[in-house]
Amino acid sequence: MPSPSPHVPLPPGQQLVAPGKWPVVGERLPRTPDGPWTVSIVGAVDRNVSWSLDQLRELPQVTRRIDIHCVTRWSRQQVEFTGISLSRLLDASGPSPTAQFVSFIAHSEREHSTSLPLSLLHEADAFVAFQADGQPLTTEHGGPVRAVVPGRYFYKSLKWLARIEILNEDRLGYWEAHAGYHNGADPWNEERFLAPSLNAKTVRALLAKRDFSGLDLRGLTAAGMDLRKLKATGAKLRDAHFERADLRLSCFDGVNLSGAHLQQADLRGASFCVDHTGLAADLEGADLSGADLRGVKLIGASLFGATFGTFDASGAPLLSVLVDETTQIDQSSLASLDATPAQREFLRDATILSSPPPAIRH
Ligand SMILES: Nc1nc2c(c(=O)[nH]1)N[C@H]1C(S)=C(S)[C@@H](COP(=O)(O)O)O[C@H]1N2
Ligand SMILES: [Mo]
């Protein structure tokens with residue numbers, strides 16, 4: 001058989017599956033619901049709505065040809081899905097003005113879930129599908145009903161849809177929280193795993209050990225992740241994303257976190273000090289607005305241009321770090337903030353220590 005050629009260009013690093021083939025990925029079976037199968041919308045909405053499968057099928061249907069791109073590098077083009085536009089379902093429940101994310105939750109043993117920004121679901125014209133290529137979806141491919149999110153790796157297309165939860169803040173899905181899958185999942189940018197340098201196997205090992213020590217993980221995207229007790233001594237985490245991540249008791253000694261995004265991270269008890277090789281923690285230009293810094297040690301760290309809080313239009317502090325007397329900072333670290341005196345104010349409740357001898361700068 002001649003090897004298939006793509007109908008339109010494929011995203012980088014993807015290959016077409018043989019004609020007629022559609023691999024099954026992830027869970028193979030749903031959990032049978034207690035009663036009849038329903039799909040409901042709950043959470044930050046005006047009203048909860050629930051549809052039986054028959055009620056869903058009575059809504060106006062759309063048929064669209066979608067390219068499937070699996071993060072494991074196979075693609076299948078022009079799959080014809082039939083279902084109901086998600087925007088139509090969302091309209092019925094009336095998302096609240098503060099709603100920003102949507103979590104799809106499956107009838108499955110592990111309550112499999114995945115989440116996406118609400119705006120993206122509208123833009124991508126996501127839908128819930130009953131049919132693929134004119135046939136009812138088979139069970140292994142998510143039948144009776146699955147989510148289909150065009151333009152994202154297929155792990156964002158949840159099988160066996162049970163619930164659609166509307167959220168004000170993101171909640172990471174199963175693969176995203178536990179297997180290091182990238183929460184963005186844009187195949188054209190190869191948003192496959194937490195950092196571009198990682199593959200499925202290496203990212204799993206890193207997460208299992210919670211050890212990033214000495215690694216170059218530039219561009220890491222770990223917003224919202226549970227990374228308590230992370231060891232990141234000497235790691236290169238320039239520009240990394242850790243917004244709202246749980247980083248309690250983590251060790252960032254000797255780390256390069258310059259330009260990193262640590263907004264509202266839980267950093268209680270974390271250490272940003274000089275590592276055993278004498279390398280200082282570099283937080284230059286990092287944003288820690290709203291982070292919890294209680295019990296944090298910032299000793300010998302470089303804080304030039306770091307942000308610990310923001311101000312509203314009238315100049316009042318807005319998103320301030322949480323600091324108390326258990327936050328320890330040495331004079332030289334504090335002095336490295338000199339270029340932005342307003343930022344020093346956010347650290348005024350910390351315990352100021354005298355400085356150790358100067359350490360090696362990155
Ligand atoms: N409920 C559930 N949905 C899921 C998964 C899963 O494990 N459980 N895996 C995801 C992944 S990684 C992919 S690539 C696609 C695979 O869909 P398919 O088996 O129909 O090819 O389903 C996605 N949806
Ligand atoms: Mo996947």
Side-chain angles (χ1 to χ4, degrees), residues 10-33 37-40 53 64-83 86 102-116 120-121 124 126-165 171-194 198-204 207:
L10 286 171
Q14 295 296 115
Q15 279 193 321
L16 282 186
V17 289
K21 292 269 191 276
W22 181 356
V24 177
V25 184
E27 298 174 294
R28 306 185 73 91
L29 278 176
R31 178 173 48 73
T32 314
W37 196 296
T38 56
V39 173
S40 47
L53 291 176
R64 289 181 59 200
R65 286 173 177 273
I66 304 294
D67 294 347
I68 298 175
H69 307 297
C70 179
V71 72
T72 59
R73 299 184 182 272
W74 60 264
S75 292
R76 188 167 181 247
Q77 293 188 310
Q78 300 290 294
V79 182
E80 196 181 88
F81 284 106
T82 299
L86 187 71
V102 172
S103 179
F104 296 106
I105 301 149
H107 281 300
S108 84
E109 282 312 325
R110 62 185 185 209
E111 288 260 296
H112 191 95
S113 70
T114 192
S115 72
L116 289 136
L120 185 138
L121 291 171
F127 55 106
V128 300
F130 317 107
Q131 285 185 20
D133 294 330
Q135 301 297 318
L137 274 173
T138 59
T139 304
E140 55 185 9
H141 286 306
V145 60
R146 78 178 296 161
V148 174
V149 180
R152 287 292 174 268
Y153 285 123
F154 210 35
Y155 58 87
K156 292 291 182 181
S157 292
L158 184 109
K159 305 196 271 193
W160 317 300
L161 182 63
R163 249 177 13 261
I164 300 170
E165 194 170 335
R171 185 202 300 141
L172 293 179
Y174 181 86
W175 296 119
E176 296 87 337
H178 304 297
Y181 283 36
H182 196 296
N183 196 30
D186 180 352
W188 300 98
N189 285 328
E190 287 207 76
E191 293 174 345
R192 295 176 191 274
F193 301 105
L194 291 188
L198 300 174
N199 60 39
K201 215 170 135 187
T202 52
V203 80
R204 263 174 204 274
L207 290 180

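Atoms within a ligand are numbered from 1 in the order they appear, just like the ligands themselves.
Under a 4.0 Å heavy-atom criterion, Arg110 is in contact with ligand 1. At a 4.0 Å cut-off, not a single heavy atom of Tyr174 sits close enough to ligand 1 to count as contact. Heavy atoms of Ser108 come nearer than 4.0 angstrom to ligand 1 in no pair at all. By the 4.0 Å heavy-atom criterion, Arg146 is counted among the residues contacting ligand 1.
Around the CD atom of Gln78, the shell of radius 6.0 Å holds more than 12 heavy atoms that belong to other residues, nucleotides or ligands.
For a threshold of 3.5 Å applied to N or O pairs, the pair formed by Trp160 and ligand 1 contains no separation below that value. Of the N or O atoms in Pro23, one or more lie within a sub-3.5 Å distance of an N or O in ligand 1. Between Glu27 and ligand 1, a contact under 3.5 Å exists for at least one N or O pair.
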Going through the distances and angles, do His182 and Phe193 end up as a ring-ring contact (aromatic ring centres under 6.0 Å, His included)? CA-CA 4 Å; His182 196 296; Phe193 301 105; 9.4 Å; no
Kindly indicate, with the supporting measurements, whether the criterion side chain to side chain donor-acceptor pair (under 3.5 Å) is fulfilled by Ser75 and Gln14. CA-CA 6 Å; Ser75 292; Gln14 295 296 115; 3.1 Å; yes
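Here the side chain of Trp160 pairs a donor or acceptor atom with the backbone of Thr139 at under 3.5 angstrom. When atom types are taken as modelled, the side chain of Lys159 and the backbone of Glu27 share a donor-acceptor pair closer than 3.5 angstrom. The backbone N or O of Phe130 sits nowhere less than 3.5 Å from a side-chain atom of Arg146 that would complete a donor-acceptor pair.
Here the heavy atom of the protein found nearest to atom 18 (P) of ligand 1 is His141 ND1, 3.4 Å. With hydrogens left out, the protein atom closest to atom 11 (C) of ligand 1 is Tyr155 CA, 3.6 Å, a heavy atom. Of all protein heavy atoms, the one lying nearest to atom 3 (N) of ligand 1 is Lys159 N, 3.0 Å. For atom 9 (N) of ligand 1, the closest non-hydrogen atom on the protein side is Trp175 NE1, 3.4 Å.
The atoms of ligand 1 that sit less than 4.0 Å from any heavy atom of Ala106 are 1 (N). In the vicinity of Val24, heavy-atom distances shorter than 4.0 Å reach the ligand 1 atoms 19 (O). Against a heavy-atom cut-off of under 4.0 Å, Ser157 is close to the following atoms of ligand 1: 22 (O), 23 (C), 24 (N). Counting atoms of ligand 1 from 1 in the listed order, those under 4.0 Å from a heavy atom of Cys70 are 14 (S). Ligand 1 places these atoms under 4.0 Å from at least one heavy atom of Gly26: 7 (O).
Judged by a 6.0 Å distance limit and a 45° cone about the ring axis, Arg110 is positioned over the six-membered ring of Trp175.
In this structure, Leu86 and Phe104 approach most closely via the heavy-atom pair CD2-CZ, 3.8 Å. Across all their heavy atoms, Pro11 and Pro187 have their closest contact at CB-O, 3.6 Å. Closest heavy-atom contact between Leu10 and Gln77: CD2-NE2, 3.5 Å.
When the heavy atoms of Trp74, Phe104, Phe154 are ranked by distance to atom 15 (C) of ligand 1, first place goes to Phe154. In this comparison of Glu111, His112, Glu109, the heavy atom closest to atom 5 (C) of ligand 1 sits on His112.
Between Phe154 and Trp22, the ring planes lie tilted relative to each other; the angle falls in the 30° to 60° range.
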